[in-house]
**Q** 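Supplied in structure tokens, the structure appears directly below.
For ligands, and for the atoms within them, numbers begin at 1 and follow the listed sequence. Residue numbers count from 1 along this sequence. Worth saying up front: this structure is predicted, and the values here are computed from it rather than measured.
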Amino acid sequence: MTIQNQGGNNPRHAKLQSVQTKLLINGEWVDGVDGGKIATIDPYDGTVIAEIAEAREADVDLAVEAAKAAFPSWSKMAAHDRGRLLLKLADRIEEDTEYLAYLEAIDTGHPINDCLRLDVPRTVLCYRYFGGIADKVEGSVIPVDAGFLNYVKREPIGVVGQIVPWNFPLMFTSWKMAPALAAGNAVVIKPSEITPLTTLRIGELMMEVGFPPGVVNIVTGYGHTAGQRISDHPEIGKISFTGSTDTGRRIVQASAGNLKKVQLELGGKGPNIVFEDANIPAAVGGSAFAIFHNQGQACIAGSRIMLHESIADNFLEKFTALAGSIRLGDPLDPNTEMGPLTSELHQKRVLSFVDVAKEQGGEVLCGGAGPESEALESGYFVKPTIVRAKYTDRVAQEEVFGPFVTVLTFKDDEEALKIANSTDYGLGAGLWTRDITRAHRMADNLHAGMVWINCYKRVHPGSPFGGVGQSGYGREMGFDVMREYTQAKSVWVNVDAQIPPFYQR
Ligand code: NAD
């Protein structure tokens, strides 16, 4: 059931023809057992968009029960039929582009243009890619001892739990659900309590295109209750988590009870290295995209710009001018290049890092505050912020997760590598150079799960995404992820083997 517009009198919410506010359990839209609600807030003006049903432990239990019941027939369905449903979903999402982009913009603060050009098309691409992969997950035949046939099947795990953060809710739910479903698993997914709207809309579209009841269950709830229950639930065989490193650690502990498979996509502190031979205009634009796109709320953000000392002044002059010219505004305005941060709490956290930087001698070159404009004062904005800092400073080591970038200089490749590899994280890294040998040497030696050469933040469902060190383990996307969502079963057949006699009497 769809609840009609809850947007009240806010004209920004007038296009909210309908918005789903309930939990999806066993193909039905239901209230939480305890009847609790969570308000989802528009970060542009702080108004309530809708009250969403709150899932608690008992709701997660019901969702897992439904998923468990749905799993046998879903996993035995012909793989191409599962794929076809994902392809139909991709088409349906594409048709719904405008509405999904609108929901994402009001719920997260992403500029509508970004939603239309990146979030929705990448989501479509992801469901399409994994729709196509569903019937291509092959097993193998192993050459073993004469007379025996040994074949290995990849089997789905069963019920998988998926926990998603608030920064790219639409895209990240596709990264999680598409491969898990293609592999034949049943899903219990929890979006972030801060940004549930597009996940609920995807649930509606899934029901529309004919996903069987219980195959996907959506539990909108808080982390310490619903998220915790997903993590410790004895019937969930695997958990895929994207979020902060601290929460990741908690999930690993909670999952120990039934020894779940765990896949973690955690924080990052991406080094973005500009060498003296770089194409400077390209590096300036690319570095701005690396840190300022989505208000810097990206795990793979290029949040540490490292400049060769000979080009630093030239680069910084252009880069600070560009940062200062970024158009902050209403996410629904197609001219807006940067929206508000997704929550007030997060805005305060990001701004607190300005003081942290200053305490350790950092110099704010640009931004460092909310915008002066009265029109923007009720939104959770932070101006693009550039801080000169030492590589050992807290702001150059800890994830800020906002439009906040540190800059420093280096003198040679060796020093660049030392600084780049100096954090506990190892997610994305970028470098700008025309020297192909240097580019590959750096890519080989950077402590990172992904490296971008003369570009930044490229992703594709065919390419594995994930980190090393405290950025997590396991991979999303690429063919690798089909291994994450399946397990090997080795089957031995005595075809014509003469087995030496043991225990014969
Ligand atoms: P978060 O860890 O606070 O929350 C992420 C999700 O976990 C939310 O759905 C939340 O409700 C849930 N959660 C919170 N506590 C939980 C608990 N005890 N048990 C189970 N679930 C719990 O992170 P966030 O603030 O939503 O997102 C920002 C973080 O996510 C940043 O650190 C960012 O780097 C990281 N991130 C990583 C990637 C990646 O792919 N590596 C991508 C995006 C974001």
**Q** Under the side chain to side chain contact (heavy atoms under 4.5 Å, CB included) rule, what do Thr21 and Glu51 come out as? Steps first, then yes or no, please.
**A** CA-CA 7 Å; Thr21 59; Glu51 300 265 339; over 6 Å; no
**Q** Once you round to the nearest 0.5 Å, how far does CD1 of Ile49 lie from CG of Leu16?
**A**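 The CG atom of Leu16 is 7.5 Å from CD1 of Ile49, to the nearest 0.5 Å.
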**Q** Could you tell me whether some N/O pair between Pro165 and ligand 1 is separated by less than 3.5 angstrom?
**A**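 Pro165 vs ligand 1: no N/O contact under 3.5 Å.
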**Q** Among Asp107, Val164, Leu103, exactly one meets side-chain contact (heavy atoms from CB on, under 4.5 Å) together with Thr195. Which residue is that?
**A**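 Of all the options given, the one that passes is Asp107.
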**Q** Who's the nearest protein heavy-atom neighbour of atom 41 (N) of ligand 1, and how far?
**A**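 Of the protein heavy atoms, Leu266 O, 2.6 Å lies nearest.
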**Q** Strictly under 6.0 Å, is that where the ring centroids of Phe168 and His110 end up?
**A**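 Judged by ring-centre distance (under 6.0 Å), Phe168 and His110 do meet the cut-off.
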**Q** Near Gln228, which atoms of ligand 1 are under 4.0 Å from a heavy atom of that residue?
**A**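 Selected atoms, number and element: 18 (N), 19 (N), 20 (C).
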**Q** For atom 23 (O) of ligand 1, which candidate among Gly161, Pro169, Ser244 provides the closest heavy atom?
**A**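 Among Gly161, Pro169, Ser244, the closest heavy atom to atom 23 (O) of ligand 1 belongs to Ser244.
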**Q** Go through Ile230 and Val188 one step at a time and tell me if the side chain to side chain contact (heavy atoms under 4.5 Å, CB included) criterion holds.
**A** CA-CA 8 Å; Ile230 291 175; Val188 174; 4.2 Å; yes
**Q** I'd like to know whether His460 forms a side chain to side chain contact (heavy atoms under 4.5 Å, CB included) with Leu125, so could you lay out the CA-CA distance, the side-chain angles of the two residues, the decisive distance to 0.1 Å, and finally the verdict.
**A** CA-CA 8 Å; His460 186 279; Leu125 186 65; 3.9 Å; yes
**Q** Distance check, rounded to the nearest 0.5 Å: Glu399 atom CD versus Gln470 atom CD?
**A**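 Reported value, rounded in 0.5 Å steps: 11.5 Å.
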**Q** Could you tell me whether Trp175 and Tyr127 have their ring centroids closer than 6.0 angstrom?
**A**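 Judged by ring-centre distance (under 6.0 Å), Trp175 and Tyr127 do not meet the cut-off.
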**Q** I'd like to check which ligand 1 atoms, numbered from 1 as shown, lie under 4.0 Å from a non-hydrogen atom of Lys190.
**A**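 Counting from 1, the qualifying ligand atoms are 8 (C), 9 (O), 10 (C), 11 (O).
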**Q** Please check if the side chain of Glu265 supplies one atom and the backbone of Phe241 the other of a donor-acceptor pair under 3.5 Å.
**A**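 No, the answer is negative, given that no donor and acceptor are paired below the 3.5 Å cut-off.
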**Q** Ignoring angles and geometry beyond distance, decide whether Thr247 reaches within less than 3.5 Å of ligand 1 through its nitrogen or oxygen atoms.
**A**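 Such a contact does occur with ligand 1.
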**Q** Record the part of Phe168 in heavy-atom contact with ligand 1 below 4.0 Å; permitted values are side chain, backbone, both and neither.
**A**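 Neither part.
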**Q** Under 4.0 Å from atom 27 (O) of ligand 1, is there any protein heavy atom?
**A**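 Yes; the ligand atom in question has protein heavy-atom contact below 4.0 Å.
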**Q** Which residue holds the protein heavy atom closest to atom 17 (C) of ligand 1, what is that atom called, and what is the gap in Å?
**A**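 Nearest protein contact, heavy atoms only, for atom 17 (C) of ligand 1 is Gly223 O, 3.4 Å.
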**Q** At a 4.0 Å threshold, what atoms of ligand 1 neighbour a non-hydrogen atom of Trp166?
**A**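 Those qualifying, in numeric order: 24 (P), 25 (O), 26 (O), 27 (O).
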**Q** Take every heavy atom of Gly467, measure it against each atom of ligand 1, and state whether any distance is under 4.0 Å.
**A**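 It does not, in that no heavy atom of Gly467 comes within the 4.0 Å cut-off of ligand 1.
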**Q** Between Asp42 and Asn10, is the side-chain hydrogen bond (donor to acceptor under 3.5 Å, both in side chains) condition met? List the steps.
**A** CA-CA 10 Å; Asp42 183 333; Asn10 188 338; 4.8 Å; no
**Q** Just distances here: any N/O of Tyr222 and N/O of ligand 1 closer than 3.5 Å?
**A**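 No, there is no polar N/O contact under 3.5 Å.
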**Q** To which protein heavy atom is atom 33 (C) of ligand 1 closest, and what is the distance rounded to 0.1 Å?
**A**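 In this structure, atom 33 (C) of ligand 1 has Phe401 CE1, 3.1 Å as its nearest protein heavy atom.
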**Q** Ion pair present between Asp393 and Lys390, side-chain N to carboxylate O less than 4.0 angstrom?
**A**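 Result for this pair is yes, salt bridge flagged.
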**Q** Just need the protein heavy atom nearest to atom 20 (C) of ligand 1, so name the residue and atom and give the distance.
**A**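 The closest heavy atom on the protein side is Gly227 C, 3.2 Å.
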**Q** Which ligand 1 atoms are under 4.0 Å away from a heavy-atom of Ser231?
**A**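 Counting atoms of ligand 1 from 1, those under 4.0 Å from Ser231 are 20 (C).
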**Q** Can you tell me how far CD of Gln297 sits from OG of Ser343, rounded to the nearest 0.5 angstrom?
**A**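 Here the interatomic distance stands at 8.0 Å.
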**Q** Can you find an N/O atom of Ile251 closer than 3.5 Å to an N/O atom of ligand 1?
**A**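 Between Ile251 and ligand 1 (N or O atoms, distance only) the closest approach is not under 3.5 Å.
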**Q** Determine the minimum heavy-atom distance between Ala180 and Gln162, stating which atoms define it.
**A**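 Looking at all heavy atoms of both residues, the closest pair is CB-NE2, 3.5 Å.
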**Q** Under 4.0 Å from a heavy atom of Glu193: which atoms of ligand 1 are those, numbered in the order shown and with their elements?
**A**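 Listed by number with element: 10 (C), 11 (O).
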**Q** So, do Phe71 and Trp74 have ring centers that fall under 6.0 Å from each other?
**A**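 Ring centroids of Phe71 and Trp74 are no less than 6.0 Å from each other.
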**Q** Hey, is Asp59 close enough to Arg56 for a salt bridge, meaning N to O under 4.0 Å?
**A**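 Judged by the 4.0 Å cut-off on N to carboxylate O distance, Asp59 and Arg56 do not form a salt bridge.
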**Q** Distance under 4.0 Å to a non-hydrogen atom of Asn167: what atoms of ligand 1 satisfy this?
**A**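 Checking each atom against Asn167, I get 43 (C), 44 (C).
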**Q** Would you kindly specify which portion of His346 sits under 4.0 Å from ligand 1, judged on non-hydrogen atoms: side chain, backbone, both or neither?
**A**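 Near ligand 1, His346 shows nothing, with every heavy atom at 4.0 Å or more.
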**Q** Taking only heavy atoms of Leu427 into account, list the atoms of ligand 1 that are under 4.0 Å away from them.
**A**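 Reading through ligand 1 atom by atom, the close ones are 41 (N).
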**Q** Answer side chain, backbone, both or neither: which part of Ile163 comes under 4.0 Å from ligand 1, heavy atoms only.
**A**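 The answer is the side chain.
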**Q** Mind checking whether Glu399 has an N or O less than 3.5 Å away from an N or O of ligand 1?
**A**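 Yes; at least one N/O pair falls below 3.5 Å.
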**Q** What protein heavy atom is closest to atom 35 (C) of ligand 1, reported as residue, atom name and distance in Å?
**A**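 The protein heavy atom lying closest is Gly243 O, 3.1 Å.
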**Q** Considering only heavy atoms of Val164, which atoms of ligand 1 have at least one such atom less than 4.0 Å away?
**A**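 Counting atoms of ligand 1 from 1, those under 4.0 Å from Val164 are 6 (C), 8 (C), 9 (O).
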**Q** To the nearest 0.1 Å, how far is atom 38 (C) of ligand 1 from its closest protein heavy atom, and which atom is that?
**A**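 Here the nearest protein heavy atom works out to Cys299 SG, 2.9 Å.
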